[in-house]
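Take a look at the structure set out below.
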Amino acid sequence: MMKQLLILWAGQTGRNLQLARAAAAAASEAGEGEIDVLLLPAQQAGIDDLLACHGLIVATPENFGYMAGTLKDFFDRTFYPAQGRVEGLPYAILICAGNDGSGARAAIERIARGYPLTPACEPLIVHGEPDQAALERAAEVGATLALGLSLGLF
């Protein structure tokens, strides 16, 4: 059975889309036909997308010490309908921050515990414009989730 990795991104500068695309490309390659990668803007994703996935990656800027509003909106729209239906779902966080990223990280982790989701790896926090090293680290996050899903580790 094909498993699905849902990658949601939010932001207006394109930085988080770069991170999300790097994660998606690596996940597709690492999944070797066993993982279907769905890359969506957070505002277009809904409960059906969340319930259909076997793993989740969220990519967001740090806005005013918090996650992007469109990602928060996704969580608001799916939280109650997802209760009792996504427990243990592995997830990872990609943050492009102008500051330290800790506010966005803490908010996402707090919300994730409420679903409850399971962190699959340490959050990636990139400061400023993603360089090649940051894109490679985002790719590692995508590959980690895909391999974990295909091997049944998550």
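Heavy-atom basis, side chains included; hydrogens, waters and symmetry copies ignored. Each residue takes its place number in the sequence, starting with 1.
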* Using the test salt bridge (Lys or Arg N to Asp or Glu O under 4.0 Å), find all partners of Asp76 that sit at least two apart in sequence or belong to another chain. =>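 If we apply the salt bridge (Lys or Arg N to Asp or Glu O under 4.0 Å) test to Asp76, skipping adjacent residues, the hits are Lys72.
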* To do: With sequence neighbours left out, write down each residue that passes salt bridge (Lys or Arg N to Asp or Glu O under 4.0 Å) with Asp73, or none if nothing qualifies.
  =>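 Scan of Asp73 (salt bridge (Lys or Arg N to Asp or Glu O under 4.0 Å), adjacent residues dropped) gives Arg77.
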* Who passes side chain to side chain contact (heavy atoms under 4.5 Å, CB included) against Arg15, sequence neighbours left out? ->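 Side chain to side chain contact (heavy atoms under 4.5 Å, CB included) list for Arg15, sorted by chain: Thr13, Cys96, Glu129, Pro130.
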* Listed partners of Glu32 passing side chain to side chain contact (heavy atoms under 4.5 Å, CB included), at least two apart ->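 Scan of Glu32 (side chain to side chain contact (heavy atoms under 4.5 Å, CB included), adjacent residues dropped) gives none.
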* Asked: Does atom CD of Gln83 have more than 12 heavy-atom neighbours, drawn from other residues, nucleotides or ligands, at distances under 6.0 Å?
  ->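 Counting neighbours around CD of Gln83, more than 12 heavy atoms of other residues, nucleotides or ligands fall under 6.0 Å, so yes.
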Nearest heavy-atom neighbours spanning [X] and [Y]:
{"X": "Ala10", "Y": "Ala42", "result": "CB-CB, 4.4 Å"}
{"X": "Pro90", "Y": "Phe154", "result": "CG-CB, 3.4 Å"}
{"X": "Ile111", "Y": "Tyr66", "result": "CD1-OH, 4.2 Å"}
{"X": "Leu40", "Y": "Gln44", "result": "CD2-OE1, 4.4 Å"}
{"X": "Ala92", "Y": "Cys121", "result": "CB-SG, 3.8 Å"}
{"X": "Tyr91", "Y": "Pro119", "result": "CE2-N, 3.4 Å"}

Following the transitive rule for hydrophobic clusters with a side-chain heavy-atom cut-off under 4.5 Å over Ile, Leu, Val, Met, Phe, Trp and Tyr, establish whether [X] and [Y] coincide in one cluster.
{"X": "Leu17", "Y": "Leu71", "answer": "no"}
{"X": "Leu6", "Y": "Leu147", "answer": "no"}
{"X": "Ile93", "Y": "Leu89", "answer": "yes"}
{"X": "Leu149", "Y": "Leu8", "answer": "no"}
{"X": "Tyr80", "Y": "Ile108", "answer": "yes"}

Would you tabulate the side-chain donor-acceptor contacts of residues 45-62 under 3.5 Å, counting partners in other chains and residues two or more places apart, or write 'none'?
| unit_1 | atom_1 | unit_2 | atom_2 | d |
| --- | --- | --- | --- | --- |
| Asp49 | OD2 | Gly46 | N | 3.0 |
| His54 | ND1 | Gln4 | N | 2.9 |
| Thr60 | OG1 | Ala68 | N | 2.8 |
| Glu62 | OE1 | Asn99 | N | 3.2 |
| Glu62 | OE1 | Gly101 | N | 3.4 |
| Glu62 | OE2 | Gly101 | N | 3.0 |

Taking C-beta and beyond as the side chain, do [X] and [Y] meet within less than 4.5 Å on heavy atoms?
{"X": "Thr70", "Y": "Phe74", "result": "no"}
{"X": "Leu117", "Y": "Val86", "result": "yes"}
{"X": "Trp9", "Y": "Arg21", "result": "no"}
{"X": "Ile7", "Y": "Val37", "result": "yes"}
{"X": "Leu94", "Y": "Val141", "result": "yes"}

Can you list everything that forms a side chain to side chain donor-acceptor pair (under 3.5 Å) with [X]? Sequence neighbours excluded, please.
{"X": "Arg113", "result": "none"}
{"X": "Arg105", "result": "Glu109, Glu122"}
{"X": "Thr118", "result": "none"}

* To do: Apply ring-ring contact (aromatic ring centres under 6.0 Å, His included) to Phe79 and list each qualifying residue two or more places apart in sequence or on a separate chain.
  =>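 Partners of Phe79 under the ring-ring contact (aromatic ring centres under 6.0 Å, His included) test: Tyr115.
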* Residue pair Lys3, Asp36: steps toward the side chain to side chain contact (heavy atoms under 4.5 Å, CB included) verdict -> CA-CA 6 Å; Lys3 292 185 178 179; Asp36 178 35; over 6 Å; no
* To do: Just grab all the salt bridge (charged side-chain N to carboxylate O under 4.0 Å, His left out) pairs involving residues 82-96, residues at least two apart or on different chains.
  =>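 Non-adjacent pairs meeting salt bridge (charged side-chain N to carboxylate O under 4.0 Å, His left out): zero.
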* For residues 138-149, which residue pairs qualify under salt bridge (charged side-chain N to carboxylate O under 4.0 Å, His left out), counting only residues two or more places apart or in two chains? ->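 Not a single pair qualifies under salt bridge (charged side-chain N to carboxylate O under 4.0 Å, His left out).
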* Can you tell me how far CD1 of Ile125 sits from CG of Leu19, rounded to the nearest 0.5 angstrom? ->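 Between Leu19 CG and Ile125 CD1, I get 11.5 Å after rounding to 0.5 Å.
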